[in-house]
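I have placed the structure first, in the form of structure tokens, so that the comments after it can refer back to it.
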Amino acid sequence: METLNKAFLKKYVTPLKLFRLSYWGYGGLSYYLLRNSVIQFIVIDSFLAYLAIEIGLFYLKTNKKLFFLLWLLFFPNNTYLYTDIIHVSRLSFYPTNSLIMTLNPTTWLCFFWMLLGIFLLIYVGNLLIRQISDCLKRNYELNHQKCFLVNGLFLLLFSFGTYIGRFLRFNTIDLFSKPLTVLSKIFYSLNIDACLFIASMTIFQLIIFFFLTHEHKSFMHRSNQ
């Protein structure tokens with residue numbers, strides 16, 4: 001099984017190099033361009049999402065359960081980016097007392113730059129989920145239905161993690177530094193609204209996941225013909 005994972009990594013060595021180069025270029029320019037912007041938070045958020053992807057790739061390389069568990073804990077930082085899109089509202093698209101959108105180049109540069117990083121990391125993140133579920137399918141001889149369930153459980157867990165980060169303001173490190181506080185906050189915060197958010201985000205992620213991975217699989221199939 002480990003050989004198959006390494007074969008995958010070898011097959012995609014060039015795309016992975018391009019992804020890493022693209023991310024570090026994006027991260028460096030983001031720090032420079034957005035350091036005084038109202039959306040400068042995207043520098044940290046995108047780094048944590050990228051780190052989750054690297055942990056997942058390291059799991060595929062080593063096939064060690066420790067890195068799989070770390071990936072599960074860190075990957076909500078990737079799906080958290082979906083909710084970061086909300087913060088485009090911090091940009092001043094409408095001048096005061098005007099219904100006409102601004103053409104201010106700085107505003108639109110920040111807007112497109114933020115979406116570029118989010119879409120890149122979410123796209124690669126979804127492909128990684130698919131590859132890890134395929135890895136588990138081979139390791140544990142899962143049938144198609146069980147593999148579908150695994151993907152659904154992944155996305156449900158990541159939606160729950162996004163809820164914890166967005167609404168309770170905890171991060172992955174807090175799970176290690178103050179686990180009892182985190183568990184207590186989670187227990188007392190769960191209500192119908194929280195459950196509806198988690199369920200809605202899970203459904204949303206399922207749609208995005210199957211669309212992106214199906215299109216990617218179709219593209220690779222056509223490319224190999």
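Computed from a predicted structure; not experimentally measured. What's counted below: heavy atoms across the whole structure, side chains too, no hydrogens, waters or symmetry copies.
- Enclosure of atom CD1 in I100 is not indicated, since only 12 or fewer non-hydrogen atoms of other residues, nucleotides or ligands lie within 6.0 angstrom.
- Judged purely by distance below 3.5 Å, without hydrogens or angles, the side chains of N77 and T172 pair a donor atom with an acceptor atom.
- Looking at L48 and Y80, their side chains never come closer than 4.5 Å, going by heavy atoms from C-beta outward.
- Of all heavy-atom pairs spanning S133 and C147, the tightest one is O-SG, 3.9 Å.
- L149 and F75 are assigned to two separate hydrophobic clusters, defined by single-linkage of ILVMFWY side chains at heavy-atom distances under 4.5 Å.
- I85 is connected to Y163 through a chain of hydrophobic side-chain contacts under 4.5 Å among Ile, Leu, Val, Met, Phe, Trp and Tyr, so both are in one cluster.
- Annotation: side chain of N63 is in contact with side chain of N139 (closest heavy-atom distance under 4.5 Å).
- Note on residues 156-172: pairs passing salt bridge (charged side-chain N to carboxylate O under 4.0 Å, His left out), not counting sequence neighbours, are D84-R166.
- Proximity of V124 to Y23: side-chain heavy atoms (C-beta onward) are nowhere separated by under 4.5 Å.
- Counting heavy atoms from C-beta on, the side chains of I39 and W113 never come closer than 4.5 Å.
- Heavy atoms only, all atoms of each residue included: F209 and R130 are closest at CE1-N, 3.8 Å.
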Side-chain donor-acceptor contacts of residues 173-182 below 3.5 Å, not counting sequence neighbours, with atom names and distances?
residue : atom : partner : partner atom : Å
D174    : OD2  : N171    : N            : 2.9
S177    : OG   : I173    : O            : 3.3

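- Shown here for A194 and S189, the closest heavy-atom pair between the two residues is CB-O, 4.2 Å.
- Rounding to the nearest 0.5 angstrom, the gap separating the CZ atom in F158 from the OG1 atom in T202 is 11.0 Å.
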**Message:** L60 vs L128, test: side chain to side chain contact (heavy atoms under 4.5 Å, CB included). Steps then yes/no.
**Reply:** CA-CA 9 Å; L60 290 176; L128 179 64; 3.9 Å; yes
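- For residues 142-152, there are no salt bridge (charged side-chain N to carboxylate O under 4.0 Å, His left out) pairs, not counting sequence neighbours.
- Centroid-to-centroid, the aromatic rings of W71 and F58 stay 6.0 Å apart or farther.
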**Message:** Please determine whether side chain to side chain contact (heavy atoms under 4.5 Å, CB included) holds for the pair I42 and I118, giving the CA-CA distance in whole Å, both sets of side-chain angles, and the decisive distance to 0.1 Å.
**Reply:** CA-CA 9 Å; I42 197 63; I118 289 175; 4.0 Å; yes
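- Ring centroids of F204 and Y82 are separated by less than 6.0 Å, placing the two rings close together.
- With respect to I198, the side-chain contact (heavy atoms from CB on, under 4.5 Å) criterion is satisfied by exactly one of L157, L156, D193: L156.
- Atom CZ of R20 sits about 10.0 Å away from atom CD1 of I53, to the nearest 0.5 Å.
- Distance check: N78 CG to S46 OG gives 10.5 Å after rounding to the nearest 0.5 Å.
- Look at D134 and R138 and you find no salt bridge, because none of the NZ, NE, NH1 or NH2 atoms lies under 4.0 Å from a carboxylate O.
- Contacts of R90 classified as salt bridge (charged side-chain N to carboxylate O under 4.0 Å, His left out), with partners at least two apart in sequence or in another chain: none.
- Looking at I186 and F160, their side chains come closer than 4.5 Å, going by heavy atoms from C-beta outward.
- A chain of hydrophobic side-chain contacts below 4.5 Å, direct or via other Ile, Leu, Val, Met, Phe, Trp or Tyr residues, connects L57 to L66.
- Hydrophobic clustering (ILVMFWY, side-chain heavy atoms < 4.5 Å, transitive): L120 and Y32 are in one cluster.
- Other residues sharing the hydrophobic cluster of I203, ordered by chain and number and joined by side-chain separations under 4.5 Å: I207.
- Under the 6.0 Å cut-off for aromatic ring centres, F47 and Y31 do not qualify, their centroids lying 6.0 Å or more apart.
- Using a 4.5 Å cut-off on side-chain heavy atoms (C-beta onward), T102 and S92 make no contact.
- The two residues Q40 and L34 make their nearest non-hydrogen contact at CB-O, 3.0 Å.
- Residues Y94 and M101 have side chains in contact (heavy-atom distance under 4.5 Å, counting atoms from C-beta outward).
- The CE atom of M201 lies 10.5 Å from the CD1 atom of I208; values are rounded to the nearest 0.5 Å.
- Ring-plane geometry between W108 and F111 is classed as perpendicular, the angle between the planes exceeding 60 degrees on a 0 to 90 degree scale with a lower cut at 30.
- Taking CE from M114 and OG from S30, the interatomic distance works out to 10.5 Å, rounded to the nearest 0.5 Å.
- Taking CG of L206 as the reference point, atom CG of N151 lies at 8.0 Å (rounded to 0.5 Å).
- Every residue meeting the ring-ring contact (aromatic ring centres under 6.0 Å, His included) condition with F197, not counting sequence neighbours, appears here in chain and number order: F167.
- Under the 6.0 Å cut-off for aromatic ring centres, Y50 and F19 qualify, their centroids lying closer than that.
- Counting heavy atoms from C-beta on, the side chains of F93 and N104 never come closer than 4.5 Å.
- Cluster membership for L116 and L21, using ILVMFWY side-chain heavy atoms within less than 4.5 angstrom, is not shared.
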